[in-house]
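Single-structure report; data block below.
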Amino acid sequence: MWVEREVFVMGTTLRIGVRAPSRAEGVGAIQEAFHAVRRADSLLSTWREDSEIARLNRAPVGRPVALPLELYRLLRDSERWSRETGGAFDPGIGALVDAWDLRGRGRIPSRIELAEARSRAGMARFAFADRSHSVTKRHEDAWIDTGAFGKGAALGAARTALRRRGIESAFLNFGGQVLALGAGRGAEWVVPVAHPARRDQPAMRIRLRDRSASTSSQSERYVEPEGRRLGHILDPRTGEPVPAWGSVTVVAEDPTLADILSTALLVLGPEAALVWARPHDDVGVLVLEELEGRVVARWNHGLSPFLVSDSTHNRGG
Ligand code: ADP
Ligand code: MG
């Protein structure tokens with residue numbers, strides 16, 4: 001039987017549906033998955049004081065902070081992905097988030113302020129010690145923003161919990177990032193990919209099985225200081241918010257990777273994203289660009305198996 005539950009966590013809604021032999025077993029498995037997500041939040045949330053990452057973020061310069069191994073590994077991986085995306089993805093952007101006041105009402109920093117913030121931002125402001133799994137801040141105002149991979153990591157933890165409970169078929173929707181396990185209620189899970197500017201309108205459809213799909217765009221969350229619209233995704237290489245050019249959807253087996261890459265490829269922009277995606281066909285990449293009111297879709301080879309054919313009215317790239 002199919003069992004579904006919903007919870008509000010990490011600032012958004014997490015809905016989990018599972019196929020289970022009985023209602024009790026389904027509810028039990030979902031509760032376990034919710035528990036795993038709350039635990040991920042207690043490690044990763046930068047919106048609460050008592051998380052492990054908050055403890056690191058407010059630590060004094062030069063003092064090593066020993067972290068739970070799973071958090072240490074996640075930060076290590078994210079640092080590696082920062083290098084592999086040429087710095088397009090970089091959770092060390094905290095000082096830039098402050099400079100633009102992206103968590104408040106938004107503000108436009110002066111050129112000097114921006115230059116200063118850049119000197120305080122980046123994963124290079126943190127030193128990693130693998131043996132003690134500790135991280136040391138190298139600059140007072142540096143902090144790590146887990147926003148671009150926290151939901152993905154939490155979905156990964158939820159998947160582990162569900163599998164431990166013997167769940168083989170499930171569908172998780174975490175504020176727009178989805179994870180499909182096993183076969184769907186019919187055959188496969190079919191999910192819409194939103195129009196990059198009008199998020200309530202589907203532009204394409206993809207089918208998933210044992211995959212996660214994450215979409216990043218600038219149209220969803222923004223602040224508007226001095227009439228200038230600033231999206232929540234920054235280009236760490238320039239320190240500036242990324243323009244609202246469209247959206248990137250990444251399909252990957254690992255939900256953390258899907259989350260990381262959708263943010264990174266949005267930063268790179270449509271052309272560079274597709275150049276990056278071509279040899280990386282172990283992940284599916286769908287780029288939706290809004291040009292003169294029309295949505296132009298392009299994708300890599302890795303996405304082809306997931307495309308629902310009636311939605312492929314545009315050309316692959
Ligand atoms: P959403 O949270 O809407 O799913 P993303 O996964 O793309 O969107 O994550 C965006 C969040 O990631 C921002 O709100 C911010 O916290 C953080 N962030 C912004 N720019 C970057 C970047 N270039 N690299 C890493 N993290 C970023
Ligand atoms: Mg992301």
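Whatever order the structure lists them in is the order used to number ligands and atoms, beginning at 1.
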Enumerate donor-acceptor pairs with a distance under 3.5 Å from any side-chain N or O in residues 246-254 to protein atoms, sequence neighbours excluded.
from, atom 1, to, atom 2, distance (Å)
Thr249, OG1, Thr215, OG1, 2.8
Asp254, OD1, Thr256, N, 2.9
Asp254, OD1, Thr256, OG1, 3.4

**Study point:** Parallel, tilted or perpendicular, as decided by the 30° and 60° cut-offs, for the rings of Phe171 and Trp189
**Key:** tilted

Study note, to complete from the structure: By chain and number, the residues contacting ligand 1 below 4.0 angstrom (heavy atoms only) are Ala88, Phe89, Asp90, Pro91, Ile93, Asp145, Gly147, Ala148, Lys151, Ser216, Arg221, His232, Ile233, Leu234, Pro236, Asp259, Thr263, Val267

Review point. For Arg103 and Thr46, what are the C-alpha separation, side-chain angles and deciding distance, and is it a side chain to side chain donor-acceptor pair (under 3.5 Å)?
Key: CA-CA 11 Å; Arg103 292 190 164 194; Thr46 54; 2.8 Å; yes

Review point. With no hydrogens and no angle check, is any side-chain donor or acceptor of Ser169 less than 3.5 Å from a backbone partner on Ala183?
Key: yes

Point to revise | Backbone N/O of His232 and side chain of Gln218: donor-acceptor pair under 3.5 Å | key: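 Side chain of Gln218 to backbone of His232, a donor-acceptor pair under 3.5 Å: yes, one is there.
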
Check your understanding: Quick one: do Glu79 and Arg76 make a salt bridge, cutoff under 4.0 Å?
Key ->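 Yes, charged N to carboxylate O under 4.0 Å.
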
Point to revise | Under-2.8 Å protein N/O/S neighbours of the Mg ion (ligand 2), ordered by chain then residue number | key: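 The answer is Ala148 O, Asp259 O, Asp259 OD1, Thr263 OG1.
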
Review point. What do you reckon, is CG of Leu291 surrounded by more than 12 foreign heavy atoms closer than 6.0 Å?
Key: yes

Practice item. Treating Ile, Leu, Val, Met, Phe, Trp and Tyr as nodes and any side-chain heavy-atom pair under 4.5 angstrom as an edge, say whether Trp143 and Leu96 lie in one connected cluster. Key: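 Cluster IDs for Trp143 and Leu96 match.
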
Point to revise | salt bridge (charged side-chain N to carboxylate O under 4.0 Å, His left out) involving Asp41 - partner list, sequence neighbours excluded | key: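 Per chain and number, Asp41 pairs via salt bridge (charged side-chain N to carboxylate O under 4.0 Å, His left out) with Arg48.
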
